[in-house]
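Scroll down for the structure; my scribbles are underneath it.
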Amino acid sequence: QVQLVESGGGSVQAGGSLRLSCTASGRTISGYAMGWFRQAPGKEREFVATITSSTGRTSYADSVKGRFTISRDNAKNTVYLQLNSLKPEDTAVYYCAGSKDSYWSGSISSWGQGTQVLVSS
């Protein structure tokens, strides 16, 4: 089973940028879609972005479209989430997730432990 470890979170001012990383161990991620989700205090966990395994096709939540970019480096077994033009409402714990399929089917095989992003106004 794959283990996912996120890093790169932190505190930034509104308008700033961060790059989150999700490094996998135990299994290659090259054949699987990957995703990022987030959970703000008192709210449900929500979808942020996904990327397929082969074509690298991406999908984004409307709230982050144009500001966030998901990418992957299969050689490094790592998925990234570039966060630009951050807003206070982006404050959340960000989680990496691995799909059971090469496309994002909603069947998740593993979750990371999360990394905190705090955006101040």
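The analysis underlying the following values was restricted to heavy atoms, covering all of them including side chains, and did not include hydrogens, waters or symmetry mates. Computed from a predicted model, the values in this text were never measured in an experiment.
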Is there a path of hydrophobic side-chain contacts, each under 4.5 Å between heavy atoms of I, L, V, M, F, W or Y residues, that connects [X] with [Y]?
X      : Y      : answer
Ile108 : Phe47  : yes
Tyr32  : Trp104 : no
Val2   : Leu81  : yes
Tyr60  : Val48  : yes
Leu18  : Val64  : yes

Exercise. Assign the ring pair Trp111 / Phe37 to parallel, tilted or perpendicular, where the plane angle (0 to 90°) is split at 30° and 60°.
Key: perpendicular
Quiz prompt | Tyr94 and Phe68 aromatic ring geometry - parallel, tilted or perpendicular at 30°/60° bounds | solution = tilted
Taking C-beta and beyond as the side chain, do [X] and [Y] meet within less than 4.5 Å on heavy atoms?
X      : Y      : answer
Ser109 : Gln1   : no
Thr91  : Gln116 : yes
Leu20  : Val117 : yes
Ser107 : Asp101 : yes

Quiz item: Can you name the nearest heavy-atom pair linking Ser21 to Thr78, along with the distance?
Solution: CB-CG2, 4.3 Å
Exercise. Determine the minimum heavy-atom distance between Ile29 and Ala24, stating which atoms define it.
Key: CG2-CB, 3.3 Å
For the side chain of [X] and the backbone of [Y], is there at least one donor-acceptor N/O pair under 3.5 Å apart?
X     : Y     : answer
Ser30 : Thr28 : no
Asn77 : Arg27 : yes
Tyr80 : Thr69 : no
Glu6  : Cys96 : yes

Inter-residue atom distance [X].[atom1] - [Y].[atom2], 0.5 Å rounding:
X     : Y      : atom1 : atom2 : value
Met34 : Thr50  : CE    : OG1   : 11.0 Å
Thr58 : Lys65  : OG1   : NZ    : 9.5 Å
Leu86 : Ser11  : CG    : OG    : 11.0 Å
Ile70 : Gln82  : CD1   : CD    : 12.5 Å
Lys87 : Ser121 : NZ    : OG    : 13.5 Å

Exercise. Report the residues that fulfil side chain to side chain donor-acceptor pair (under 3.5 Å) with Asp90, sequence neighbours left out, ordered by chain and then residue number.
Key: Arg38, Arg67
Exercise. List the steps and the verdict of side chain to side chain contact (heavy atoms under 4.5 Å, CB included) for Gln3 and Ser110.
Key: CA-CA 7 Å; Gln3 289 80 45; Ser110 55; over 6 Å; no
Quiz item: Which pairs with one or both residues in residues 15-24 pass salt bridge (charged side-chain N to carboxylate O under 4.0 Å, His left out), sequence neighbours excluded?
Solution: none
Exercise. In sequence, state the C-alpha distance, the side-chain angles, and the governing distance for Val5 and Ser25, and then conclude on side chain to side chain contact (heavy atoms under 4.5 Å, CB included).
Key: CA-CA 8 Å; Val5 178; Ser25 61; 5.8 Å; no
Quiz item: Can you name the residues that form a side chain to side chain contact (heavy atoms under 4.5 Å, CB included) with Ser102, not counting sequence neighbours?
Solution: Ser53
